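Residue numbering restarts at 1 for every chain, and letters A, B, ... go by the order of the sequence lines. Worth knowing before you read on, the calculation uses all heavy atoms, side chains too, and leaves out hydrogens, waters and symmetry mates. Small disclaimer: the values here were computed from a predicted structure and weren't measured.
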Amino acid sequence: MEEFSARQLRERIAAGEVNSVEAVKGVFKRIDELEPTIGAYISTCRERAMERAAEVDGRIAAGEQVGELAGVPVAVKDNMCTTFGATTCASKILENFHAPYNATVVEKLLAADAVIVGKTNMDEFAMGSSTENSGLKQTVNPWDTSRVPGGSSGGSAAAVAGRLCYAAIGSDTGGSIRQPASFCGVVGLKPTYGRVSRFGLVAYGSSLDQIGPITRTVGDAALMMNVIAGHDPADSTSVDEETAGLCDYLAKLDEPIEKLKIAIVPEFNAGAAEAVTKALAEAIEVYKNLGAEIVEIDMAHLDYAIAAYYVIATAEASSNLARYDGVHYGHRSEKAADYVEVYTKSRAEAFGKEVKRRIMLGTYALSSGYYDAYYLKALKVRNLIRGDFAEAFEQCDCIMMPVSPTAAFKIGEKVDDPLTMYLCDIYTIAVNLAGIPGISIPCGFDGESLPIGLQILGSAFDEDRLLRIARMFEAQTNWNEKKPPIVE
Amino acid sequence: MEYKVIVGLEIHVQLCTRTKMFCGCAVEFGQEPNSRVCPVCLGMPGVLPVMNKQAFEYAVLVGLALNCEIPGFTKWDRKSYYYPDLPKNYQISQYDLPLSRNGFIEIPLKSGRSKRIRIIRAHLEEDAGKNLHSAGNYSQVDLNRTGTPLLEIVTEPDLNNGVEARALGVELQRIVRFLGVSEGDMQKGQMRFEPNINLVISRDGREYRTPIVEIKNLNSFRALERSIDYEEQRQLAEFLESGKVIEMGNKTTRGWDDQREVTVLQREKEEAHDYRYFPEPDLVPVELDKRWLEEIRSGLCELPITRQMRYVNEYKLSDYDAGVLTSERAISDFFDEAVKAGGDPKRVCNLLTQEGLRIAKERGSSIAELGIKAENVAKLAGLVESGTVSASASAPIFMQMVETNKDTWSIVNELNLIQKSDAGELEAIVEQALADNPDAVKDVTSGGKKSKKARGFLLGQVMQKTKGQANPKVVSEILTKKLG
Ligand SMILES: [Zn+2]
């Protein structure tokens, strides 16, 4: 049962062939076994999950209609609010924070009868690319426990790869779904900005944040999208269905795109490790064999993406994180002598190093006298990058590139060198600036048997086509069927 | 030496929407602390604001009433500062693209003239909560007010004294009440003023400007007027003593001490406040197309000052009466309706200001809620005008109109209040009265001290006999004819 995809599991549960309680039990058996090593979860909710599973089984036995994820054990990144358990963002400042409401995405999962088994680890407030910035625990890569799972949704990716759930939800501000998915050999989709409601997602960079699925198969990503996508009146930036209609992402998933035109940016890909470029070239070969046409394009402003991103994201973060002040909720310093010290000491004590670094960067970028030179300029670059993509998509159906310059790196390797760490986001960041969707799917392994991901980018609100393109590759290969040695 | 006071106003007006600016919480004053809150206005992690369309339309309506330009595109910005009554530690406001700008307001001055004060901008933002400091060695925060739609209006420094500032405040209050967008209740903090004041002094052919003082959070017209008057004197004295003039960064902030009626220094130097404004990424900009704007504009009405002027100029009402009639839109609308139904403006005005407002006040309601029809008031005014009923009889008639909502005529008939003006009929009654009171007749005809009093007595006798329905003017004429 463990090797069922979420989709297969749901079908069998709904058909009464297997039951949800067994599936949840299986997941918790794995959690008992592997979680001490992998450390994917900040919290799990075994009892609650068992109760829900039993309830879903009961409804199926009674012949009732059940949701699209009926009985499927899923995990949610710990920056999405849930009324059960804590919502910590892997930060000491929210370590004991219990949200009074559910994120829209969580509500949708519950409405689809999913069984949430736990909240996954992440870089604190989603700031990082390795999950090493978690203020609460360390997560390792199931493929090699001396390596990082990627980040910031490292816990979600590790949980999916380690069979600690069947599917997970992550969030992606600069690659935080796609990069850990590639490091952990699973599928990660960052939908178009506005496609999935952000209500209840603890904000990092509000204009960049987007929630998406991390799954073992492309089909599971499509299934998850069927559940979580759609307009939310509580999120003014979520797109209304009149502007960008929803569809059943599973309906045409197995229909290949005819006369597929793929763009690559050769100059841009040159910076990746040899194993990564090799895997990319092989992946493109697969598409060629399916009849795809390859065009080489040039994207003039991609080089400025990292600079623009770290101005915009940190500026928004400096404002978004201002509310964690010890006054209304969260950690409050016991050493504060007056209200100003409640702010300064609470924040100094509970925020981690990287969070402080980004708050300072962002505050600086927004300060009077610097705003025009940094924030405003970054917005201009952002517009140029958007333009580059818009132009590119006039010539092609999708763009393919690596997800990360390398496969998973060693724990501790880059923690003291934030700039090198930032540069790892080179392939993922522009996508968030442009707001377009991107997917990472397994496309091979490097010399050390570490998974490599293929990144495919599509035009805005065209997740349907993007998933179909990804599925074309998946149907030809078996990379996603490989299991980390730890679960063998 | 000569000097002039220069005053610019920043005014905050809470809009009376049902719910808050960015969440569904009720806007209610005086409720139990922190009972009108939700995750959104508490600034909980993960929440997002959703714009209250009604608040936006109200704000645009005020912008239109203030003769502002209303751009078709406006956006939201975050204004950052740390304070316990501001849960997110930023306020959603509008920075460089406010929803209205470059307008003006006409304020009435004593002499029946008006003065035009330019408006720089009016923009929408969210109100903060309240810090309470009555609990001992800690403070408490009440966030019921957090997120209330707040319209900030900024004027050019076109005001020259406390009286003018007050007039602007009163006029603005009247406007927002007329438009129905705010109750403008100062005691509930629904209107707050922050004047910026300094003096321009000419001495020995040179001009000096005193440092600008901002007075924070005034919540009565009286405090507004008095604080400006006080500052005028204080700044003058300070200038004469120290010669201090305006410089970069020497603007100070003062508070108003209502008990002692003085301003008190709050912040010596205006700290270079860096609010780090940037566009609010959680809200989409508002695009106001022509159709929507016209829809909002249809909520506009003739403004109170325009009506007041019309009442004075066209209807020859006193400035005072015109002011009373235009203090509320309901009264003014009612008055206009009664006049339109044919009522003589002066008579209708008297009926409304004397009877209508008195009864409304007694019942704690407004004239519009009394249930009387404007056309019946017009009819009553007509009956008084023609002498069919006496002016003094209009009070019981008006009351009866409120009580029964019957037609004016049937009330007049029921109460038997038609005035007797028929000279022949009255002459008989007068003769009877004279015959019954020979002493009084003697007093009148003999002239002297008692004459006037005796005449009044005889008139009274006639009125008594007619149960007050005799037209006193006619009776008086008959008496004169009979007694000389
Ligand atoms: Zn609220």
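The two atoms that bring A:H328 and B:P87 nearest to each other are CE1-CA, 3.5 Å, heavy atoms only. Taking both residues in full, the closest heavy atoms of B:D282 and A:S206 are given as OD1-CB, 3.3 Å, listed atom of the first, atom of the second, then distance.
For chain B, the nearby part of A:L94 is the side chain; its heavy atoms alone come within less than 4.5 Å. Heavy atoms of A:F125 lying under 4.5 Å from chain B are absent altogether. With a threshold of 4.5 angstrom between heavy atoms, B:Y90 approaches chain A through side-chain atoms but not through N, CA, C or O. Of the two parts of A:D209, neither the backbone nor the side chain holds a non-hydrogen atom closer than 4.5 Å to a non-hydrogen atom of chain B. Contacts of B:Y83 with chain A are made by both backbone and side-chain atoms, with heavy-atom separations under 4.5 Å. Neither the backbone nor the side chain of A:Y370 comes within contact range of chain B; no heavy atom of the residue lies under 4.5 Å from a heavy atom of that chain. For A:F199, the parts lying under 4.5 angstrom from a heavy atom of chain B are both the backbone and the side chain. In this structure, the portions of A:T363 lying under 4.5 Å from any heavy atom of chain B include both its backbone and its side chain.
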Margin query: Quick one, A:Y101 with B:V40, criterion side chain to side chain contact (heavy atoms under 4.5 Å, CB included). Give me CA distance, side-chain angles, the key distance, then yes/no.
Written below: CA-CA 10 Å; A:Y101 73 102; B:V40 175; over 6 Å; no
Notebook entry, point to check: Taking it one step at a time, do A:Y343 and B:N89 satisfy side chain to side chain contact (heavy atoms under 4.5 Å, CB included)?
Noted result: CA-CA 11 Å; A:Y343 295 148; B:N89 289 319; 4.2 Å; yes
Checklist line | Test log, rule side chain to side chain contact (heavy atoms under 4.5 Å, CB included), inputs A:R323 and B:V47 | finding: CA-CA 12 Å; A:R323 70 190 65 192; B:V47 297; 3.9 Å; yes
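Within 6.0 Å of CZ on A:F351 lie more than 12 heavy atoms contributed by other residues, nucleotides or ligands. Within a 6.0 Å sphere centred on CZ of A:F84, other residues, nucleotides and ligands contribute more than 12 heavy atoms. By the neighbour-count criterion of 12 heavy atoms within 6.0 Å, atom NZ of A:K356 is densely surrounded, having more than that number from other residues, nucleotides or ligands. Counting heavy-atom neighbours within 6.0 Å of B:F73 CZ, excluding the residue itself, gives a total above 12.
A donor-acceptor pair is defined here as one N or O able to donate and one able to accept, closer than 3.5 Å; such a pair exists between the side chain of B:D274 and the backbone of A:S368.
Atoms NZ and OG, from B:K88 and A:S319 in turn, are 9.0 Å apart once rounded to the nearest 0.5 Å. Here the CG atom belonging to B:L48 is positioned 6.5 Å from the OG1 atom belonging to A:T237, to the nearest 0.5 angstrom. Rounded to the nearest 0.5 Å, atoms CE (B:M44) and OG1 (A:T87) are 11.0 Å apart.
Looking only at heavy-atom pairs under 4.5 Å with chain B, the residue among A:C81, A:A234, A:A203 that has the most is A:A234. Ranked by heavy-atom pairs shorter than 4.5 Å toward chain A, the options B:P84, B:P281, B:P45 are led by B:P45.
Taking the side chain as every heavy atom from C-beta outward, B:F278 and A:E316 approach each other to under 4.5 Å. Counting heavy atoms from C-beta outward, B:E280 and A:S236 have side chains that stay 4.5 Å or more apart.
Within residues 8-39 of chain B, the residues that have a heavy atom under 4.5 Å from a heavy atom of chain A are B:P39, listed by number.
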